[in-house]
K.L.:
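I'd like to ask you about the structure that follows.
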Amino acid sequence: MAFRAFFGLPVENFATSTGTPTNAVYGFTAMLATLLNDRKPTHVAVAFDLPGGTFRTERLPSYKGTRDETPPDFEPQVPLIREVLEAMGVTALDKPRYEADDLLATYARMGREAGMEVLVVSGDRDTIQLVNEDVTLLYPRKGVSDLVEFTPDAVVEKYGVLPGQYPDLAALVGETSDNLPGVPGVGPKTAAKWINTYGGLEGILSSADDVPGKAGESLRAHLDQVRLNRELNHLLTDLEVSVPVEALEFGGGDSAAIHQVCDALQFKGLRARLLAFAADSEGGPEVTESERIEALVVAPAPVADVVALTGSVALAVPGTDAWALGLSQGDKAWAVDLTALSEADEKALAAWLADPGVGKVLHGAKDALHALADRGLAVEGLTDDTQLGAYLVNPAQGRLDLDDVAERFLGLRPAAAAAGQLDLGLGGSELESLARSAHTVALLGERVREDLAEQRMLDLYGNLEIPLVGCLFAMERAGVAVDAARLEELSGLALGRAEKAAEAAYESIGGTAVNLGSPKQLQEVLFEQLGMPKTKKIKTGYSTDASSLAELYEKRPHPFLEALLAHRDATKLAQIIQTLRDAVRADGRIHTTFSQVVAATGRLSSKDPNLQNIPIRTDEGHRIREAFVVGGTYATLVTADYSQIEMRIMAHLSGDEALIEAFRSGEDLHRFVGSRVYGVPPEGVTAEMRGHVKAMSYGLAYGLSSFGLSRQLGLPVGEAQALMDDYFSRFGAVRDYLTGVVKQAAKDGYTETIFGRRRYLPDLTSTNRQRRDIAERMALNAPIQGSAADLIKRAMLAVDARISAEGLASRQILQVHDELVIEAAAGEEDAVEAILREEMAAAGDLSVPLDVNVGRGTNWRVAGH
DNA sequence: TACTATCCGTT
DNA sequence: GACGTACGGATAGTAT
């Protein structure tokens, strides 16, 4: 069955991130779970073939001799299947010199004799002989999920013989997969006819001389072969076995072991299915959080009880709006309907939530803070965000919903599976599940802290990420003011340019209109109609991206290409502008959402809309920033950005004296580096030299190859390589650092930033070159990008602290990875600039200074200069 | 409506 | 044969 699964599921779709193939394990396990669920067997065992020969190969060395060698991707999966079985509490059977089918035959007989009803699941047709009124065969029709049920009647119908006569039929027909040739000219129809005429193989053999026709002649010429076939395809039902059939009783799996094996195999959906068979979750196989909470006191909560809580309390807020609040502490959980509060209760609850002395634990706290704030409720005293904690534990993990995290950290099955299982007397299942969620969060809070402590990330968590939640919350609520009229104007300009470009494009190809936004239609025009040379291959044909079009233009200048690029540019800008216009809220401001739990490096991300990718490179795009303006009661936008933060971190981490000197000297970095690399005085560094070393420097932190550098600079690969060699001969410690970082990460399994933030990279030890190369580039980049993220986050907290310490009304409103934007109140500009300069520079104690550029203006474009 | 593929904006 | 990180998001095209 595992073999069937192997060939039924594409191996390229089933592998762990380290490249271990799992298609056979997955398919086999999924089939097993289905069978356990559908058939609910009392006793279960899985029989294995062992390596080495069997009594059959001893008898006939060519037995199964035509089989191709076992695929190399299959073999390592067999022990993994055994691990799954062990975790599941399913007995694995094997016996040297015998095949799995002999074990199946023996145990089928034993089960039957013990009065059991037996199901045999096998992809080997020989097992048809085991079928009788107590034994049914499940035989795969296709893959492993589509099993056909062979009862005695079904066997007769399909083969025309009784199950016990099937080996007779197979002996006559032969079995290619076992390398047992049959009687030439005799197929299943003839064989069945003979068996029924002569009453079985014995009868046929003893009357062989009377069997008529060509087939009869053929039979007489192959009698020995038929006898041998029959001998070999007989399954042994009387093996000596040490495990009695009673011992195969299925008592369920071990949830910890199931988690372990699912972690190792990176099974996601299957995990929950397997856990359903765990025997050790309290209350049996269907246990979820519901059972745990059964011990809790859960009641519709009088607000007086809730506001009396001190210490640390876990909270849960519904996903939609904060119409209710779940609370939990210790083994108790409550839920409060916020829509039905008396004025006094509301006041008491508001005061309790705003009391920083009461610790609050939440999952995805910032969302909850917004929902509660919309209801006029402010929250202070956030000590834990279990989503944030789970992210830090493994920032590349992916799904971070409460269900996912509870499953990962606590082994709890998704609450959805538990819905409606218990009525805890809250009179509404939504309130009830809210209380339950709060309790899950309470349990998680402790577990996540344990993991973080083990990884030495508690400081990063408690003193950086958790406080940052409040900072980001405030920034999102503040938003950024927008000049709607300016956006409208810019939109008109961009649309006009797009229109003109489209017309030019159509005209250049004879007046036919095509959808210039459709890569598919562009391919038709470029490669069919215009007969342009093929660009790089993509899934749907040939690429029409900007770099491919530029390359095409080099080879075949054509007005269509120019018009197309201009159209791309203009429509992209128009699209960005429209997205921004749609995002302006009633207060005339755009409120983005920053996420702390998306980027695997520790950066923030911004969405709805993304304010971290507003154009700046082209003049047309840059003008969009004019529409981001200072708001009504404020006076100035002040922006501050780190100068070459990543190169500075590289200098610090590598300890490269030459690079450190470059930053300490205060000279232009790329001029300094260029002078060293090219061996000329700083004033002798040409613009081209500077450009080359600049690209080289930036590329370093991304794992740039000589090939990539040559492409970017338009140089032959040899020259790019020479440039890299020269670079590293001057900045050798940088190279040593970069190779060292990959080596260390491969050893540890993760990279670390200056402040201890981790990123796990299991692919570093992958046997797949491409995956490993990608992981190596991630390992190069993560400590650098991540340390930069740590630094600016520290700066943000420090800036906020200074602003409130100095009693200023100014506020942070945006962060763009190395840049902060502050909306400054009138008269506070100088103070704000000083705070930004000081706190950003002091965010870390590096061996190089952290230079900060500051600008002011009434809009982002001006301030950004 | 949900999903994938492609393309492109930022750092 | 591949070849620079990290993201969010629009549009086109296809499947359901």
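Every chain is numbered from 1, with letters handed out A, B, ... down the list of sequences.
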K.L.:
Could you measure between the two P atoms, the one in dC3(C) and the one in dT6(B), and give it in whole Å?
P.N.:
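Here dC3(C) and dT6(B) have their P atoms 14 Å from each other.
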K.L.:
Which residue pairs pass the salt bridge (Lys or Arg N to Asp or Glu O under 4.0 Å) test when at least one of the two sits in residues 556-568 of chain A, sequence neighbours left out?
P.N.:
none
K.L.:
Report each atom pair, protein N/O against N/O of nucleotides 3-6 of chain B, whose distance is under 3.5 angstrom.
P.N.:
from   : atom 1 : to        : atom 2 : distance (Å)
dA5(B) : OP1    : Lys539(A) : NZ     : 3.2
dT6(B) : OP1    : Lys539(A) : N      : 3.0
dT6(B) : OP1    : Thr540(A) : N      : 2.8
dT6(B) : OP1    : Thr540(A) : OG1    : 3.0

K.L.:
To the nearest angstrom, how far is Glu646(A) atom CD from dC7(C) atom P?
P.N.:
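The distance from CD of Glu646(A) to P of dC7(C) comes to 13 Å, rounded to the nearest Å.
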K.L.:
Taking only residues two or more places apart in sequence, or in another chain, which ones meet Tyr702(A) in a side chain to side chain donor-acceptor pair (under 3.5 Å)?
P.N.:
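For Tyr702(A), no residue satisfies side chain to side chain donor-acceptor pair (under 3.5 Å) once neighbours in sequence are set aside.
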K.L.:
Apply salt bridge (Lys or Arg N to Asp or Glu O under 4.0 Å) to Arg581(A) and list each qualifying residue two or more places apart in sequence or on a separate chain.
P.N.:
none
K.L.:
Reckon Ala600(A) touches a base, only the sugar-phosphate, or nothing at all at heavy-atom distances under 4.0 Å?
P.N.:
sugar-phosphate
K.L.:
Going by the angle between their ring planes, with limits at 30° and 60°, are Phe731(A) and Tyr727(A) parallel, tilted or perpendicular?
P.N.:
tilted
K.L.:
So what does Arg772(A) hit on the nucleic acid, given a heavy-atom distance under 4.0 Å: a base, only sugar-phosphate, or nothing?
P.N.:
nothing
K.L.:
Holding to side chain to side chain donor-acceptor pair (under 3.5 Å), I want the full list of residues that pass it with His591(A), two or more places apart in sequence or in another chain.
P.N.:
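Only Asp587(A) meet the side chain to side chain donor-acceptor pair (under 3.5 Å) criterion with His591(A).
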K.L.:
Name the closest nucleotide to the Ile616(A) side chain, picking from dC3(C), dT10(B), dG9(C).
P.N.:
dT10(B)
K.L.:
Side-chain N or O of Gln712(A) versus OP1/OP2 of dC3(C): is the shortest distance under 4.0 Å?
P.N.:
no
K.L.:
Check the phosphate of dG13(C) against Ser518(A), side-chain N and O only, distance under 4.0 Å to OP1 or OP2. Yes or no?
P.N.:
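Result: yes.
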K.L.:
Is there a side-chain contact between Arg777(A) and the phosphate of dT5(C), meaning an N or O under 4.0 Å from OP1 or OP2?
P.N.:
yes
K.L.:
Looking at Ser705(A), I'd like to know whether one of its side-chain N or O atoms comes within less than 4.0 Å of OP1 or OP2 on dG4(C).
P.N.:
yes
K.L.:
Between C1' on dG4(C) and CZ on Arg711(A), what's the gap in Å once rounded to a whole number?
P.N.:
12 Å
K.L.:
Give Ala546(A) one of three labels, base, sugar-phosphate or nothing, depending on what nucleic acid heavy atoms sit under 4.0 Å from its own.
P.N.:
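Touches sugar-phosphate only.
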K.L.:
For residues Glu528(A) and Gln523(A), is any side-chain donor paired with an opposing acceptor at under 3.5 Å?
P.N.:
no
K.L.:
Separation of Leu764(A) atom CG from dT5(C) atom P, in whole Å?
P.N.:
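Taking CG of Leu764(A) and P of dT5(C), I get 14 Å after rounding.
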K.L.:
Show which side-chain atoms of residues 789-800 of chain A pair as donor or acceptor with protein atoms under 3.5 Å away, not counting sequence neighbours.
P.N.:
from      : atom 1 : to        : atom 2 : distance (Å)
Asp790(A) : OD1    : Arg757(A) : NE     : 2.8
Asp790(A) : OD1    : Arg757(A) : NH2    : 2.9
Asp790(A) : OD2    : Thr753(A) : OG1    : 2.6
Lys793(A) : NZ     : Glu465(A) : OE1    : 3.3
Lys793(A) : NZ     : Glu465(A) : OE2    : 2.7
Lys793(A) : NZ     : Gly602(A) : O      : 2.7
Arg794(A) : NE     : Ala843(A) : O      : 2.5
Arg794(A) : NH2    : Ala843(A) : O      : 3.3
Asp800(A) : OD1    : Gln812(A) : NE2    : 3.0

K.L.:
Can you list everything that forms a salt bridge (Lys or Arg N to Asp or Glu O under 4.0 Å) with Asp401(A)? Sequence neighbours excluded, please.
P.N.:
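Counting only residues at least two positions away or on another chain, Asp401(A) forms a salt bridge (Lys or Arg N to Asp or Glu O under 4.0 Å) with Arg399(A).
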K.L.:
Figure out the CZ/C1' separation between Arg759(A) and dA6(C), and round it to whole Å.
P.N.:
8 Å
K.L.:
Measure up the Tyr750(A) and Tyr760(A) rings against each other and bin them: parallel (under 30°), tilted (30 to 60°), perpendicular (over 60°).
P.N.:
tilted
K.L.:
Check the distance between dA2(C)'s P and Glu776(A)'s CD and give it to me in whole angstrom.
P.N.:
18 Å
K.L.:
In whole angstroms, how far is the C1' atom of dG8(C) from the CZ atom of Phe594(A)?
P.N.:
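To the nearest whole Å, that distance equals 13 Å.
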K.L.:
Decide whether Ser543(A) and Thr535(A) meet the rule of one side-chain donor and one side-chain acceptor closer than 3.5 Å.
P.N.:
no
K.L.:
Name the pairs: protein N/O against N/O of nucleotides 14-16 of chain C, kept only if under 3.5 Å.
P.N.:
from    : atom 1 : to        : atom 2 : distance (Å)
dT14(C) : OP1    : Lys520(A) : NZ     : 3.2

K.L.:
So what does Arg603(A) hit on the nucleic acid, given a heavy-atom distance under 4.0 Å: a base, only sugar-phosphate, or nothing?
P.N.:
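Since a base atom lies under 4.0 Å of Arg603(A), the category is base.
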K.L.:
Would you kindly give the CG-to-P distance between Leu580(A) and dT10(B), to the nearest whole Å?
P.N.:
13 Å
K.L.:
Under 3.5 Å, is there any donor-acceptor pair linking the side chain of Asn610(A) to the base of dG8(C)?
P.N.:
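No, the side chain and the base share no sub-3.5 Å donor-acceptor pair.
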K.L.:
List the residues meeting side chain to side chain donor-acceptor pair (under 3.5 Å) with Arg837(A), not counting sequence neighbours, and say none if there are none.
P.N.:
Glu833(A)
K.L.:
Test of understanding: with side chain to side chain donor-acceptor pair (under 3.5 Å), list the residues that count as partners of Glu646(A), not counting sequence neighbours.
P.N.:
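Scan of Glu646(A) (side chain to side chain donor-acceptor pair (under 3.5 Å), adjacent residues dropped) gives none.
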K.L.:
So, under a plain 3.5 Å distance rule, would you say the side chain of Gln785(A) forms a donor-acceptor pair with the base of dT5(C)?
P.N.:
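Per atom types, the contact qualifies.
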K.L.:
Enumerate the residue pairs fulfilling salt bridge (Lys or Arg N to Asp or Glu O under 4.0 Å) with a member in residues 704-731 of chain A, sequence neighbours excluded, ordered by first and then second residue.
P.N.:
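Salt bridge (Lys or Arg N to Asp or Glu O under 4.0 Å) check on residues 704-731 of chain A returns Glu551(A)-Arg711(A).
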K.L.:
Counting only non-hydrogen atoms, which of residues 556-579 of chain A are less than 4.0 Å from DNA chain C?
P.N.:
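Of all residues in residues 556-579 of chain A, the ones placing a heavy atom under 4.0 Å from DNA chain C are Lys572(A), Gln575(A), Thr579(A).
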K.L.:
How would you label the contact of Asn515(A) with the nucleic acid (heavy atoms, under 4.0 Å): base, sugar-phosphate, or nothing?
P.N.:
sugar-phosphate
K.L.:
Rounding to a whole Å, what distance do you find between Gln596(A):CD and dG8(C):C1'?
P.N.:
18 Å
